[in-house]
Each structure stands twice: as structure tokens, then as C-alpha cells.
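Atoms considered below: every heavy atom in the structure, side chains included; atoms not considered: hydrogens, waters and symmetry mates.
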Amino acid sequence: MSRHVAIVTDSTAYLPPRTMERHGITSVPLTVVLGDQALEEGTEISTRSLAQALQKRRSVTTSRPSPELFAETYRKVAESGATGIVSLHLSAELSGTYDAAVLAAREAPVPVRVVDTGMVAMALGFCALTAAEAAETGGTVDEAVTAAEKRAESTSAYFYVDTLDYLRRGGRIGAARALLGSALAVKPLLQLDGGRIEPLEKVRTASRAIARLEEIAADRAGAAQVDIAVHHLAASDRASALADRLRARVPGLADLHVSEVGAVIGAHTGPGLLGVVVSPR
């Protein structure tokens with residue numbers, strides 16, 4: 001290959017495998033620690049196994065990829081012909097993945113731009129896809145980074161969880177907020193804000209919360225041309241029904257992806273998660 005700017009992301013982007021293969025996007029896996037077992041996301045632990053472990057209240061934690069794994073990835077990508085690399089990762093507020101990538105980039109055999117997208121799940125995936133499309137049309141490293149950053153700025157992500165307990169256990173939301181939600185018996189809606197998971201609204205029942213999630217996503221999409229992703233964990237029927245309703249409500253819908261989140265995000269949200277990513281083109 002005579003080009004090229006290569007795109008690297010991490011396993012929390014949840015891009016469909018065929019899409020990654022088509023656009024030559026490389027993924028570096030995060031790790032889920034289940035009891036005393038360290039398992040790579042995407043290959044060594046299924047979401048079903050994760051959901052069962054969480055329901056049994058087994059110890060589940062997550063960890064970033066090592067700088068050494070990033071260094072090996074950058075070396076292999078360079079050997080495949082890349083003359084530059086754009087490495088796009090989940091929010092540094094949620095994980096040390098970005099920091100590990102920065103350390104590895106210093107010793108890479110080709111220039112590497114590491115980007116904290118402030119995103120996660122398909123909000124990150126859409127950024128990686130946009131960067132890959134820019135590179136495929138001859139874009140430079142800087143142009144691919146700019147395209148990804150613009151996509152991130154316009155992308156919104158909203159989440160419904162059955163309980164804040166898993167986010168509290170993982171340190172992703174304050175204990176006081178989690179306890180308040182439990183005490184009031186509310187169903188929380190959350191959003192990505194400044195790279196952090198922040199409360200958006202409190203709704204009294206699950207059905208009302210999901211209806212409100214749909215309304216928020218449809219309002220955010222408006223009439224613009226948008227891509228949407230609907231994520232879930234152990235809630236496939238809810239996710240499919242929500243996707244169907246969004247197809248009917250969003251006039252500018254371009255692509256709609258429905259997928260179960262991987263083990264890393266699932267470990268922090270718990271079964272019952274529904275998420276909607278709205279990403280204008």
C-alpha cells in the first residue's frame with residue numbers, strides 16, 4: 001500500500017467487525033478482570049458471561065491496555081505500510097487508555113497523533129469511522145484528526161440504566177448521586193458531558209425513562225442527516241423496539257446501528273442498559 005494514514009481505536013468503539021475490516025481500522029482491546037481472571041474484551045469474555053457475573057455480584061473490574069500493547073500495535077501498523085497513525089480513544093475521564101497510547105506513541109516508528117475523543121461506544125466509533133473516511137480520500141494525519149474532532153463535537157450520547165449501583169462501584173459516578181437515586185427509586189437518564197458520565201434527568205418508571213430517552217434522541221437529531229446507534233446490555237428486545245421507533249421518528253436518519261455493548265462498558269452500567277448515540281454527519 002502506498003498510502004497511508006492508518007486509524008487505530010480501542011475495543012470500546014463497538015464498530016461492527018465488517019466495518020472495521022472494510023476501512024482498515026485497528027482496535028486495541030481493554031481488559032475485564034473477572035475474579036482473578038484478566039480477559040480481553042471482544043475475544044475472551046462474552047457479554048452474556050459478564051451479565052451473569054454482575055447479576056451474581058462477582059467482582060468485576062476493568063483495566064486499560066498496556067503501553068506495550070499499543071507499541072506493538074503501532075509497530076505492526078507501520079510495518080503494513082502506514083506513514084502516519086491517528087489513534088482515537090475513549091474519554092480520558094473514564095479510562096487510562098489515552099495515557100497508555102500517548103506513552104507508546106513517543107517510541108512509535110512513524111508519527112502517531114493520539115486523540116482523546118471524550119466519547120465512548122459508537123460515539124467513539126463514529127469518530128474513528130470519520131477519520132478513516134478522511135484518510136481514504138488522501139487526507140493527512142492532521143486532516144483525519146480534524147474530521148474526527150469535528151464529529152466528536154457534534155455527537156451526543158444518552159443512557160438509561162436500571163440502577164446507578166454499577167457506575168458507583170466503578171467510580172464513574174459519585175456515591176452520593178447513586179445513593180440519592182436509589183433512595184428516591186428513580187430510573188436515571190445519563191449523558192456524556194465533557195467526557196464524563198453525568199445525570200441528565202430522573203424518571204419514576206422504566207417505561208417512562210425509555211420513552212423520554214427516545215424523545216431526547218429524536219429532538220437532538222431534528223431534521224439533520226444523522227447516524228444513530230442504539231446500544232444495550234441484556235436488553236435486546238427493548239433495544240430493537242427503540243430502534244424501530246427512532247427509524248419512524250427521525251426524518252434525516254442515514255445509518256442506524258443496533259448492538260450490545262462489550263464487557264468493559266457493561267461492567268460499569270449493568271444489565272438493562274439502553275444507550276442512544278446521535279451523530280450528525
N-O pairing of Arg64 and Asp99 below 4.0 Å:
no
Taking atom types as modelled, is there a side-chain donor on His23 or Glu136 under 3.5 Å from an acceptor on the other?
yes
Report the C-alpha separation of Arg212 and Glu215 in whole Å, then their side-chain angles, then the decisive distance to 0.1 Å, and conclude whether the salt bridge (Lys or Arg N to Asp or Glu O under 4.0 Å) test is met.
CA-CA 5 Å; Arg212 182 65 182 134; Glu215 183 178 355; 3.4 Å; yes
When rounded to the nearest 0.5 angstrom, what is the spacing between OG1 in Thr9 and CE in Met119?
12.5 Å
Is there a donor-acceptor pair under 3.5 Å between the side chain of Ser95 and the backbone N or O of Ala92?
no
Does Asp244 come within less than 4.0 Å of Arg247, counting only side-chain N to carboxylate O?
yes
Asp219 atom CG, neighbour heavy-atom count above 12 within 6.0 Å:
yes
Is Glu214 reaching over with its side chain to a backbone N or O of Ala211, donor-acceptor style, under 3.5 angstrom?
no
Heavy-atom donor-acceptor pair, Asp10 side chain to Leu90 backbone, under 3.5 Å:
yes
So that I know where these two stand, are Phe126 and His257 an aromatic pair - ring centroids less than 6.0 Å apart?
yes
Any side-chain donor-acceptor pair under 3.5 Å between Thr140 and Asp142?
no
Would the distance check show the side chain of Glu41 and the main-chain N or O of Val264 forming a donor-acceptor pair, the cut-off being under 3.5 Å?
yes
For the residue pair His89 and Phe70, is the inter-centroid distance of their aromatic rings smaller than 6.0 Å?
yes
For a quick check under 3.5 Å, do Thr83 and His4 share a side-chain donor-acceptor pair by atom type?
no
Can you give the donor-acceptor pairs under 3.5 Å from side chains of residues 274-281 to other protein atoms, not counting sequence neighbours?
from   : atom 1 : to     : atom 2 : distance (Å)
Ser279 : OG     : Arg151 : NE     : 2.7
Ser279 : OG     : Arg151 : NH2    : 3.2
Ser279 : OG     : Thr155 : OG1    : 2.8
Arg281 : NE     : Asp227 : OD1    : 2.9
Arg281 : NE     : Asp227 : OD2    : 3.0
Arg281 : NH2    : Asp227 : OD1    : 3.1
Arg281 : NH2    : Asp255 : OD2    : 2.9

Between Ser91 and Gly195 the two heavy atoms that sit nearest each other are OG-O, 2.7 Å
Please answer whether the main-chain N or O of Val114 pairs with a side-chain N or O of Ser87 as donor and acceptor at a distance below 3.5 Å.
no
